[in-house]
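See below for the structure under consideration.
Here is how names work: the chains are called A, B, and so on, in the same order as the sequence lines, proteins then strands, and each is numbered from 1.
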Amino acid sequence: MNPTEIADALDVIAKAPFDAAEFGYAFADATDNARATIAKLRSGATNKSDLNGGVLLNRKFHYAPALPSDTAQTLAALRASKKTASAKPVILIATDGQMIAAEHPKSGDTLHCPFNELGTHFAFFLPAAGKDRYQAAEENPVDVKASGKLAKLYDAMMRVNPDWKQAERRHDMNLFMTRLIFCLFSEDVGIFTQHQFSHAVFSYGGNKGEHARDTIVSAFAAMNRPKGERSDLPAWTANFEYVNGGLFTGTIDAPDFDPVAFRYLRDCCDLDWKLINPDIFGSMIQSIADPDARSELGMHYTSVPNIMKVLGPLFLDDLDAAIDKAWDKASALRAQLTRLSKIRVFDPACGSGNFLVVAYRELREREIRLLKRLGELEANPQNVMWSSVSLGQFHGIEITDFAAETAKLALFIAEYQANARFADVFGRMPALLPLRDGGHIVCDNSLRRDWEEVCPPPVAEEEVYIAGNPPFLGDNARSPEQNNDMDFVLAGHLDAHRRIDFVSCWIFKAANYLRNRNAKSALVSTNSICQGQSVGALWPEILKNGLEIGFAHRSFKWRNNAASNATVMCVVVGLRNITKDRKRVFEGDLESEAANINAYLLDASDIFVEASSRSIFNLPYMEYGNKPTDGGHLLLTPTERLEILSRSPEAAPYIKRLMGSDEVINGIERYCIWVTDEEATNASALPPLKERFDAVAKFRASSKAAQTRPAAAYPHRFRQAQNWAREQALFIPIHSSENRPFLPIEWVKSDVIASNANLALYDSPIWCLSIIASRLHIVWIGAVCGKLETRYRYSNTMGWNTFPVPKFTPDQLDQLSASARRILKTRYQHYPKTIADLYDPDDMPDDLRQAHRENDDLLETMYIGRPFRNDTERLEKLFKLYAAKVASKGGK
DNA sequence: CATCCGACACAGA
DNA sequence: TCTGTGTCGGATG
């Protein structure tokens with residue numbers, strides 16, 4: 001059962017009259033326990049409770065009925081129970097039917113709520129079903145504030161220095177911002193003496209910033225030279241530290257300041273940069289400096305919560321568990337300390353280094369924890385040594401030079417902050433300047449470069465973790481160079497490799513890197529790689545030769561602090577060599593354990609549903625709608641239709657009703673010009689049609705698609721006039737909302753044309769509607785078809801042609817037809833409500849809901865002799881039938 | 001020739 | 001500016 005099903009089941013209990021003797025078993029049922037388990041519990045054989053009327057299921061929950069208004073005391077009794085101590089339930093529940101008092105004994109978390117809100121608080125009870133709540137990390141508000149101030153400064157400087165906007169000066173601007181931030185940071189954390197840089201700027205920069213540029217240039221120049229070599233610079237520069245490390249080498253320049261820009265510079269100096277998060281600050285500079293190019297490579301910085309979605313399950317959680325286990329034994333703690341120095345993290349698309357910085361910081365934190373504990377356990381305090389985690393353990397590849405430079409700087413700042421924390425705890429800190437060489441950041445094309453050269457494979461005790469967020473690009477968005485890179489990586493290994501997302505190249509290279517090595521990988525990806533056609537195209541190749549998915553985050557919305565967020569749904573797929581270790585699935589803030597994680601990220605066997613051009617279960621032929629590719633000129637609003645008809649009434653026979661998804665779902669009226677080749681000459685004689693044909697021809701002639709240009713020769717026709725009904729048809733919208741309980745489908749007469757936003761069954765039996773509008777079908781489509789973000793995306797080849805049905809008898813087909821007509825009739829009784837109105841999840845009419853329930857019960861009984869209990873059971877059965885059918889076909 | 005997709009696109013609160 | 005929900009036509013095998 002998934003969390004929603006558990007919530008529903010708990011809600012049923014909450015809404016029913018309370019029965020103290022029955023509650024424990026009902027709760028066991030609602031939290032996904034097998035019938036046999038509940039039967040044994042009921043018989044008393046496995047009920048371990050030592051409380052009156054209590055039910056205790058080993059390791060799951062301990063329930064006891066409470067006297068009226070006495071839930072707190074009953075909860076206390078549950079807490080104190082000897083049996084609670086031995087059977088280790090994850091939930092304690094006391095209720096009198098009015099109030100509930102519940103507790104997680106491990107964390108001490110408690111819940112008090114009215115009984116009828118049991119379903120609302122389902123998340124609290126999920127641990128009883130083996131699902132844990134998952135805590136996501138939060139964003140740092142200081143970063144948000146700093147990026148706002150920097151953006152203001154940047155804009156002001158751009159107003160004063162319009163020439164810096166040009167592409168050839170962009171690098172100078174980026175460099176200036178990096179150096180400035182380094183100085184602001186350094187004077188706040190003690191690398192420079194306090195306020196050294198800003199003091200110089202505001203002492204010598206003039207009242208209104210008129211000398212600010214010269215002052216800053218002098219300061220930067222000084223930092224690039226040893227202290228004795230600054231005789232040509234102003235005397236005040238003598239005390240600046242020699243920074244080096246590459247940051248101040250090369251051209252040194254600064255923009256001019258006006259009073260406004262100078263004021264914003266002061267604002268930036270006033271910020272407390274000590275608290276800045278180096279995790280993402282490089283990305284912020286980039287997004288500030290290049291607001292037009294945020295969607296380009298490297299501009300999509302990953303927020304810390306999302307980075308932790310990767311690093312936590314990839315290796316930090318395991319590390320924590322190992323440290324906990326070693327907690328009381330010095331030798332075991334030392335082993336973990338050694339382990340820290342042998343962990344390497346590799347981000348093959350590192351941008352400005354966010355993942356590496358966070359990983360570094362997390363390792364240093366754990367090291368401090370270990371050393372502190374060792375200090376407590378061992379008498380000799382000299383055992384507290386210097387950090388053994390070095391920046392050299394961090395490897396990255398980044399294609400743009402500025403981002404690569406920023407990554408090095410960010411790692412340096414992270415190192416400084418970790419050292420400062422170390423000094424807080426142990427009272428020691430090393431010299432910080434001149435900058436030492438940082439992480440192994442290589443500026444190169446990650447898809448062309450040999451990864452083993454950048455991050456040598458692990459030897460002996462070493463562990464390598466590949467993490468990151470490579471770019472996502474679908475086949476319509478890639479440049480010719482990117483397609484070449486993709487061919488270079490994937491051609492010869494995957495069929496149809498150009499069909500899948502660019503990010504797949506990184507997944508493929510990561511899989512090859514880690515196979516048979518002490519290494520794991522987890523990359524943030526677009527969710528489309530785990531849906532529809534991508535599943536069969538990519539994953540069989542990835543998951544062969546000993547790899548498996550060790551953890552996965554199901555679809556989550558992309559979010560960061562950038563002003564305009566990218567709109568995309570992401571997943572994280574954790575790859576590893578096959579082990580017996582637990583497998584974890586994350587969905588929203590919920591975590592559960594899975595027996596297997598397949599490429600759809602479902603807890604099910606490794607199934608790859610393959611597209612088929614005809615139904616493998618002998619269902620009628622479903623076709624793609626008619627695709628205009630007309631630049632909008634063959635499609636008509638009702639108003640446009642009337643305009644044409646008023647100019648040329650003879651055009652009437654050439655205009656038909658047209659329906660796409662929006663028309664089916666929202667009852668919108670739309671028309672199209674529909675002219676056969678034989679009619680073309682007559683139709684072109686009518687001026688309003690001729691004008692539109694000319695516009696279509698022009699649009700098509702300038703298309704960059706090979707299939708479209710020739711269609712300029714027949715502008716009266718759709719590019720793909722696929723098919724249409726003789727008598728009647730069923731239209732199925734391809735894209736539709738994920739919130740409706742059933743898929744939209746409409747029955748139409750032959751005078752309506754389907755656009756390519758619909759799939760169609762022409763002149764097919766009406767029982768097809770009974771199937772497509774069923775719960776079984778929407779569950780199947782949701783599992784095996786692609787999605788538009790999280791919307792349903794219906795597919796004939798992957799959804800309909802693969803949909804398993806039993807062999808129906810003629811009598812059963814009659815029953816399904818009758819059920820389909822009942823649904824249609826019920827809908828018509830609510831005329832003029834649209835499908836969107838009728839299937840509003842919060843406002844579906846009772847009679848329609850009833851018609852669908854009867855339809856589902858009827859259909860499902862034909863599969864297993866009774867209705868299914870829940871969607872998990874539905875999907876299990878469908879997968880089983882599909883696998884059996886594929887096996888039998890393959891055997892022939 | 002017929003799809004499958006979109007670091008989306010766009011309307012309406 | 002955010003939320004809800006489906007257009008449209010290129011690129012692909």
Side-chain angles (χ1 to χ4, degrees), chain A residues 293-302 306 469-478 480 483 486 494-503 524-529 531-537 557-560 562-570 611-613 621-632 634-635 658 660-666 668 670 699-700 702-711 718-723 733-740 744 755-759 785-799 801 835-836 839-841:
Chain A
R294 273 180 198 146
S295 63
E296 286 175 16
L297 275 182
M299 294 299 162
H300 285 100
Y301 83 83
T302 315
N306 285 351
N469 179 353
F472 317 157
L473 292 166
D475 59 19
N476 259 339
R478 294 188 297 257
N483 271 329
M486 206 163 177
L494 302 188
D495 303 331
H497 69 273
R498 291 263 192 112
R499 274 314 240 294
I500 57 184
D501 196 278
F502 199 39
V503 72
V524 179
S525 312
T526 166
N527 68 352
S528 72
I529 64 159
Q531 293 168 358
Q533 65 176 4
S534 305
V535 173
K557 203 170 162 52
W558 175 263
R559 264 218 162 274
N560 64 22
S564 63
N565 266 212
T567 57
V568 66
M569 298 297 287
C570 305
S612 169
S613 58
Y621 183 51
M622 183 184 288
E623 301 177 61
Y624 194 62
N626 301 287
K627 180 168 164 167
T629 319
D630 62 337
L634 292 176
L635 305 187
L658 172 110
S661 303
D662 216 3
E663 288 72 33
V664 168
I665 293 169
N666 295 307
I668 297 167
R670 204 179 192 192
F699 171 81
R700 287 181 183 166
S702 64
S703 164
K704 56 179 185 152
Q707 195 179 352
T708 300
R709 285 190 302 272
F718 282 25
R719 183 184 103 169
Q720 291 166 239
Q722 306 279 31
N723 207 350
I734 290 176
H735 301 106
S736 67
S737 166
E738 68 270 42
N739 292 322
R740 298 192 186 102
S755 89
N756 67 328
N758 281 330
L759 290 158
C785 289
K787 301 253 170 79
L788 179 55
E789 291 196 332
T790 48
R791 255 43 29 86
Y792 289 109
R793 167 176 273 156
Y794 199 97
S795 155
N796 48 356
T797 65
M798 286 180 295
N801 293 340
I835 287 182
Y839 289 88
D840 180 337

_Please convert DNA chain C into dot-bracket. A pair counts if it is Watson-Crick or G-U wobble with both distances under 3.5 Å; crossing pairs go in [ ] and bases paired with another strand get |._
||||||.||||||
*Go through the N and O atoms of the side chain of A:Asn469 and the base of B:dA7, and report whether any donor-acceptor pair is under 3.5 Å.*
yes
*When all nucleic acid strands are considered with a 4.0 Å heavy-atom cut-off, which category describes A:Ser613: base, sugar-phosphate, or nothing?*
nothing
*In whole angstroms, how far is the P atom of C:dC2 from the NZ atom of A:Lys557?*
10 Å
*How long is the line joining CD1 of A:Ile529 and C1' of B:dG6, in whole Å?*
15 Å
*Can you tell which of A:Ile665, A:Asn666, A:Asn758 makes a side-chain contact (heavy atoms from CB on, under 4.5 Å) with A:Pro744?*
A:Ile665
_Of A:Ala477 and A:Tyr794, the one whose closest DNA chain B nucleotide lies more 5'_ = A:Tyr794
*asked:* Without decimals, in angstroms, what is the distance between A:Met622 CE and B:dC4 P?
replied: 12 Å
_Restricting to non-hydrogen atoms, name the atom on A:Arg793 and the atom on A:Cys785 that form the minimum distance, rounded to 0.1 Å._
O-CB, 3.2 Å
*How would you label the contact of A:Arg700 with the nucleic acid (heavy atoms, under 4.0 Å): base, sugar-phosphate, or nothing?*
nothing
*Given atom OH of A:Tyr621 and atom C1' of B:dT3, what is their separation to the nearest angstrom?*
11 Å
_Under 4.0 Å, heavy atoms only, any strand: does A:Pro470 hit a base, just the sugar-phosphate, or nothing?_
base
*Whole angstrom value for the distance that separates C1' of C:dG6 from CD1 of A:Ile835*: 14 Å
*Determine: side-chain N/O of A:Asn739 to OP1/OP2 of C:dT3, distance under 4.0 Å, yes or no.*
no
*Are A:Tyr621 and A:Asn796 close enough that some pair of their side-chain heavy atoms sits under 4.5 Å apart?*
no
_For atom CG of A:Asn306 and atom P of B:dA7, their distance in whole Å_ = 18 Å
*asked:* Considering every strand and a 4.0 Å limit on heavy-atom distances, what is the contact class for A:Ser661: base, sugar-phosphate, or nothing?
replied: sugar-phosphate
*Is there a donor-acceptor contact under 3.5 Å from the side chain of A:Arg498 to the main chain of A:Asp475?*
no
*What does nucleotides 8-13 of chain C look like as a protein-contact string, B for base, S for sugar-phosphate only, - for none, at under 4.0 angstrom between heavy atoms?*
BBBBBS
*Residues in salt bridge (Lys or Arg N to Asp or Glu O under 4.0 Å) contact with A:Arg709, at least two apart in sequence or another chain*: none
*asked:* Can you confirm whether more than 12 heavy atoms, excluding those of A:Asn739, are under 6.0 Å from its CG atom?
replied: yes
_Quick one: does any side-chain atom of A:Asn626 pair with a main-chain N or O of A:Asn723 as donor and acceptor, under 3.5 Å?_
yes
*Could you check how far CG of A:Leu788 sits from P of C:dT5, rounded to whole Å?*
13 Å
*asked:* Base, sugar-phosphate or nothing for A:Asp501? Non-hydrogen atoms, less than 4.0 Å.
replied: nothing
*Which value, in whole Å, describes the distance between the C1' atoms of nucleotides B:dA7 and C:dG13?*
25 Å
*In whole Å, what separates the P atom of B:dC8 from that of B:dC4?*
23 Å
*For the base of B:dC8, is there a side-chain donor-acceptor partner from A:Glu789 under 3.5 Å away?*
yes
*Considering all heavy atoms of both residues, which atom of A:Met486 and which atom of A:Asp501 are nearest to each other, and what is their separation?*
CE-O, 3.5 Å
*Mind listing the closest non-hydrogen atom pair of A:Glu663 and A:Leu658 along with its distance?*
CG-O, 3.8 Å
_With a cut-off of less than 4.0 Å, is there a side-chain N or O of A:Thr567 near OP1 or OP2 of B:dA9?_
no
*Of all the heavy-atom pairs spanning A:Tyr792 and A:Glu738, show the shortest one and how long it is.*
CE1-CA, 3.6 Å
_Using whole Å, what does the distance between atom C1' of nucleotide C:dG6 and atom NZ of A:Lys787 come to?_
16 Å
